[in-house]
There are 2 protein chains.
Amino acid sequence: MSETGGSVPKRTTLRDVAKAAGVSHQTVSRAINGKGEIDPETQRRVLDVARQLRYRPSRFARGLVRPDVVSVGVIVPDVVNPFFPEFIDGVIQAAGRQDWQVVVASTQYDQARELTLLRSLSQQVDVIVGYLTHPDEELAASVGGVPLVVVDRGLDSPTYASVEIDALTGIREAMDHLTDRGHRKIGMIDCVPPCGDPYARRRMFQTLTAEHELTVDDSWIVTVEQSVAGGNTGFRELWQAHPDTTAVLAFNDLVAIGAHQAARDLGVRVPEDCALVGFDGLTVGELIEPPLTTVHLDKRRLGELAVQQVDRLLSGELPPPVVLTPQLVVRRTT
Amino acid sequence: MSETGGSVPKRTTLRDVAKAAGVSHQTVSRAINGKGEIDPETQRRVLDVARQLRYRPSRFARGLVRPDVVSVGVIVPDVVNPFFPEFIDGVIQAAGRQDWQVVVASTQYDQARELTLLRSLSQQVDVIVGYLTHPDEELAASVGGVPLVVVDRGLDSPTYASVEIDALTGIREAMDHLTDRGHRKIGMIDCVPPCGDPYARRRMFQTLTAEHELTVDDSWIVTVEQSVAGGNTGFRELWQAHPDTTAVLAFNDLVAIGAHQAARDLGVRVPEDCALVGFDGLTVGELIEPPLTTVHLDKRRLGELAVQQVDRLLSGELPPPVVLTPQLVVRRTT
DNA sequence: TTGTAGGCGTTATCAA
DNA sequence: TTGATAACGCCTACAA
């Protein structure tokens, strides 16, 4: 190897500073960390040299000898989908209270990427929290023993600590509300969730229509892509099949907003001609006109609960799933 | 110290595994890293033992001897404000392409917290990207030599690499558009930005009204808190002072949405009675009815550019500021 | 194929 | 107040 190349700049170390300042590396350490036991004058001098040499401690070396901050990795499908920022915020805030740091990564809804991320993240953080789609065994293979908290798997992850969402209770509230107001012809715009039982929501709906003895069959359920556009399409399909529908339960708020747009385009007034209920409780639902009635989930809390599970995991236990229940927020689309 | 306490579990190391498997720690290393030079049978056995002992390599020890992944810290005021997730996403994606990891932190609009975060983050990451409010000197004192890229400081940070937003050009487009459509009585709902010149936007507006020889004086500018509620208040104030206003330029989309709500409440039709233009180009602007005309900024790109600056910084240069120019997107509020 | 020695950059301990 | 020495857990040589 010649010395021509300006290859790796090589880091300035404690010893470099020590040499330049004419003291021992230990003295430099003391100066940097400023825990007394050092002559103020020496300290000043050493600090000066350190600055000149642009010295910065290595987080690795430091982490090696000190109990370092915990680093939590968070994996979500998409950082921009308004559901996730609140969740992430919950994680960041709960973690921040213990001075933990949070590494955020997104799969972009790419299944293969999920595994890749899991694999690389698990090398760099102490614990992972994630909205994950793969079955437990595949996750296990990818995280290689790093503690993991999974979110919203539908009680489907015996291996891992988890936070679950009791969607049924929330949706029951919504159905009660609708039937209380006299609705009998209630349709549903469903989506297939990224993991777990693809028919979970549909089943809940069926259960509840049965409870209320509604005479709507499966033709009142349309399944669409989980997006505003999907909701738009879904409403049109539903309305075409059943123009006598008086209320629609959407898979989530984004889908509901799409449905709302379709209704407006079709000249269907919400809620006069057709009521509409979303799910998630996104802020955007409050901004549209009329504001959306929705089954509201406290997404920030969801993130905090995930961190709470992390706590338990790190202290050695494998905690039972914790369940978060959403609540109906009645606004003006019903 | 007695041995009663379940104090620190103490980590399982390579040597522990070695001892348990009856080989040298080196052999274990080879087994773990799977780079040949090892008997498959030995490897299998070692790996088994490692798993049983729940061995996981220390990221610190590894980072010490290996050129580790770069870790980028991102500081924003608020993870939930819909402006920032897109920015963060841009950072995450650009960083991800180089297999860098991204640590996200939020100040919650707390000035003191900004400095605290800067201080702690700078100990754990290789470089920081941030929406920061403090003047350069104070930032310098907090990051202690860690490379920093600042965003949207109004060309106000000679010390640091930066990404700037050319708001004037975007707003000029908006004003041209409005005057083209015959508007002369144009009002502004302004806010004071978290850092930099508090009158920046107001000045731009004044410049442009002058360019177009509009006869609106400063009483056509109201200043409110930067939020939906602020926008609501702002519109009411403006409309009360000048009921002959035919168009309003809002500080940003959230403010514009508030203004829109106020207009509706006051029976002012948008855009028939009063046109409305936002700034930022948030997705939510597309979801309201009618969809919001706005000066659209590519926030994801903003994040990518920040990472680009990080690249340059890390390769030794102090790059000149890079500028991103927003563009008017005409929808249906004008 | 396997084991031994040394060093990565830091902090802790103890002696000077 | 300062300095030598020994970890921390891992990896890269090199020797066996």
> How would you list, by chain and number, every residue that makes a ring-ring contact (aromatic ring centres under 6.0 Å, His included) with A:Phe84, sequence neighbours excluded?
Replying inline: A:Tyr131
> What is the distance, rounded to the nearest whole Å, between atom CZ of B:Arg45 and atom P of C:dT1?
Replying inline: 15 Å
> How long is the line joining CG of A:Asp16 and C1' of C:dC8, in whole Å?
Replying inline: 13 Å
>> At under 4.0 Å between heavy atoms, how does the protein contact nucleotides 3-12 of chain D? Give one character per nucleotide, 5' to 3', with B, S or -.
In response: BBB--BBBBB
>> Going by side-chain contact (heavy atoms from CB on, under 4.5 Å), name the residues that satisfy it together with A:Arg97, two or more places apart in sequence or in a different chain.
In response: A:Gln93, A:Ala94, A:Glu304
>> B:Thr159: which residues meet the side-chain contact (heavy atoms from CB on, under 4.5 Å) condition with it, sequence neighbours left out?
In response: B:Asp136
Under 3.5 Å, which donor-acceptor pairs do the side chains of residues 311-318 of chain B form with other protein atoms, sequence neighbours left out?
residue	atom	partner	partner atom	Å
B:Asp311	OD1	B:Gln98	NE2	3.3
B:Asp311	OD2	B:Gln98	NE2	3.1
B:Arg312	NH1	B:Gln309	OE1	3.2
B:Ser315	OG	B:Arg312	O	3.0

>> Just to verify, what does A:Asp39 make a salt bridge (charged side-chain N to carboxylate O under 4.0 Å, His left out) with, not counting sequence neighbours?
In response: none
